[in-house]
Enquirer: 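Let me begin by handing over the structure; questions about it come next.
In what follows, chains are A, B, ... by sequence order, proteins preceding strands, each numbered from 1.
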There are 2 protein chains.
Amino acid sequence: MDNRPVDFKEQLKERGYKLTTQRRAVLDVIIKNEGKHLSTEEIYELVKEGYPEIGLATVYRTLLLLDNMELVYKLDLDDGLSRYELNRNKEDHRHHHLICTKCGAVSEVEEDLLESLEEQILVKNRFIVKDHRVKFYGYCEACSQVKEPDSEVIKP
Amino acid sequence: MDNRPVDFKEQLKERGYKLTTQRRAVLDVIIKNEGKHLSTEEIYELVKEGYPEIGLATVYRTLLLLDNMELVYKLDLDDGLSRYELNRNKEDHRHHHLICTKCGAVSEVEEDLLESLEEQILVKNRFIVKDHRVKFYGYCEACSQVKEPDSEVIKP
DNA sequence: ATTCATGCAAATCGTTTGCAACCCA
DNA sequence: TGGGTTGCAAACGATTTGCATGAAT
């Protein structure tokens, strides 16, 4: 079902890059942890479990490469770290993130629903929208039921 | 028309903070440059024009304070710098940014138009949206008319 | 007189880069 | 073989922090 590794090798070849153990290891970790929004450091630690010799710089370089190849998608969840998620298909980055400012939980809205807004932007601002980044801040189901006074953990 | 400086003094007092020349100078620069999305360094340089003794650390600390007081709004325009814009009123941060990936120009969409989406999120995800950050990437009017092959300057 | 704020320099921290050794194609 | 790749350590750049001095209430 997952033929990405094959695509990966081909895509690297097309660009004149080599398929190395390190690159496979990084991609594999991201694939195995789909949905977790891992940070660079977290990816590094996970890769080291199966490949202790890898260097942090290699992880940074590989992530940059995967991002350029659009196999991966870089996120900013406002904690000062770069996080990544698997980009299942080219149009897949059209989902949004819900960030709970109380507990820090991050979930996703699979729908896009920005077409009408983008159409208005085209007409009113004469700006052609090609991509977008949308983050919603608020309270997740669990946190919205708590009665205690607010104590925000996350600041947008 | 602009009574913010008065509010500023009061708000500082309420929180037990002092009104210093430096804090006024920083806020004044932001007010005078409304719409420019200045970075911390740029604000520092502008403040120095009228107040050469100010230190960069003070600007950082003041910006953090203004952000906490919600007098200012922090932006991330993907260039690795923190940028700020004046937060005219508490509900004012409900506008979006249009970022041209060819020339880097940043403009704004004053309308919000996310209510229906947020209503759907409430129903489907049971997540209560309190705030959001929306960035659109694409081509501004000038750049969308150029015929040359793409040469993106900005990477989301 | 207190208490908070400032300026400076040093410290942090995530990320990038130079370079010799290494390894895939 | 040979050029891309790696690991290491040093370099970077934005932001933060410790501390003695200075200013606001």
Enquirer: Does Ala57(B) or Leu65(A) map to a spot on DNA chain D nearer the 5' end, using the closest nucleotide for each?
Expert: Leu65(A)
Enquirer: Need to verify one output field. Residue with the more 5' nearest nucleotide on DNA chain D, Tyr51(A) or Thr21(B)?
Expert: Tyr51(A)
Enquirer: Should Ser82(A) be listed as having a side-chain N or O under 4.0 Å from OP1 or OP2 of dG14(C)?
Expert: no
Enquirer: How many whole angstroms separate atom CG of Asp79(A) from atom C1' of dC13(C)?
Expert: 13 Å
Enquirer: Would you kindly give the OH-to-P distance between Tyr44(B) and dA14(D), to the nearest whole Å?
Expert: 13 Å
Enquirer: OP1 or OP2 of dT5(D) versus the side-chain N and O atoms of Thr62(A): is any pair under 4.0 Å?
Expert: no
Enquirer: For dG4(D), does the base pair up with any side-chain atom of Arg15(A) as donor and acceptor (N or O, under 3.5 Å, distance only)?
Expert: no
Enquirer: Among the candidates dT15(C), dA24(D), dG4(D), find the nucleotide nearest to the side-chain atoms of Lys18(B).
Expert: dA24(D)
Enquirer: Quick one: the side chain of Lys13(B) and the base of dT25(D), do they pair up donor-acceptor inside 3.5 Å?
Expert: no
Enquirer: Ignoring hydrogens and geometry beyond distance, is the side chain of Arg61(A) in donor-acceptor contact with the base of dG4(D) at under 3.5 Å?
Expert: no
Enquirer: Which whole-number value in Å describes the distance from Lys48(B) NZ to dC8(C) C1'?
Expert: 13 Å
Enquirer: In whole angstrom, give the distance that lies between atom CG of Asp76(A) and atom C1' of dA14(D).
Expert: 15 Å
Enquirer: What nucleotide among dG7(C), dA25(C), dA14(D) has an atom nearest to a side-chain atom of Tyr60(B)?
Expert: dA14(D)
Enquirer: For Leu56(B) and dA14(D), what is the distance between atoms CG and P respectively, to the nearest whole Å?
Expert: 10 Å
Enquirer: If you check every side-chain atom of Thr20(A), which of dA14(D), dT6(D), dT6(C) has the closest atom?
Expert: dT6(D)
Enquirer: Any side-chain N or O of Thr40(B) under 4.0 Å from OP1/OP2 of dA14(D)?
Expert: no
Enquirer: Choosing from dT17(D), dG7(D), dA5(C), which nucleotide comes nearest the side chain of Ile54(A)?
Expert: dG7(D)
Enquirer: What integer distance in Å separates Arg24(B):CZ from dA5(C):P?
Expert: 16 Å
Enquirer: Can you measure Glu45(B) atom CD to dA14(D) atom C1' for me and round it to whole angstrom units?
Expert: 15 Å
Enquirer: Check whether any side-chain N or O of Gln22(A) sits under 4.0 Å from OP1 or OP2 of dC24(C), and answer yes or no.
Expert: no
Enquirer: Is the backbone N or O of Val29(B) less than 3.5 Å from a side-chain atom of Asn33(B), with the two atoms forming a donor-acceptor pair by type?
Expert: yes
Enquirer: In whole Å, I'd like the distance from the CD atom of Glu41(A) to the C1' atom of dT15(C).
Expert: 11 Å
Enquirer: Just say parallel, tilted or perpendicular for the rings of His97(A) and His37(A), cut-offs at 30° and 60°.
Expert: perpendicular
Enquirer: Quick one: sort the His95(A) and Tyr73(A) rings into parallel, tilted or perpendicular, breaks at 30° and 60°.
Expert: tilted
Enquirer: Could you tell me whether the side chain of Asp79(A) and the main chain of Leu81(A) form a donor-acceptor pair under 3.5 Å?
Expert: yes
Enquirer: Give a yes or no on whether the backbone of Lys18(A) and the side-chain of Arg23(A) come within a donor-acceptor separation of less than 3.5 Å.
Expert: yes
Enquirer: Kindly say whether Leu117(B) contributes a backbone atom to a donor-acceptor pair with the side chain of Gln120(B) at under 3.5 angstrom?
Expert: no
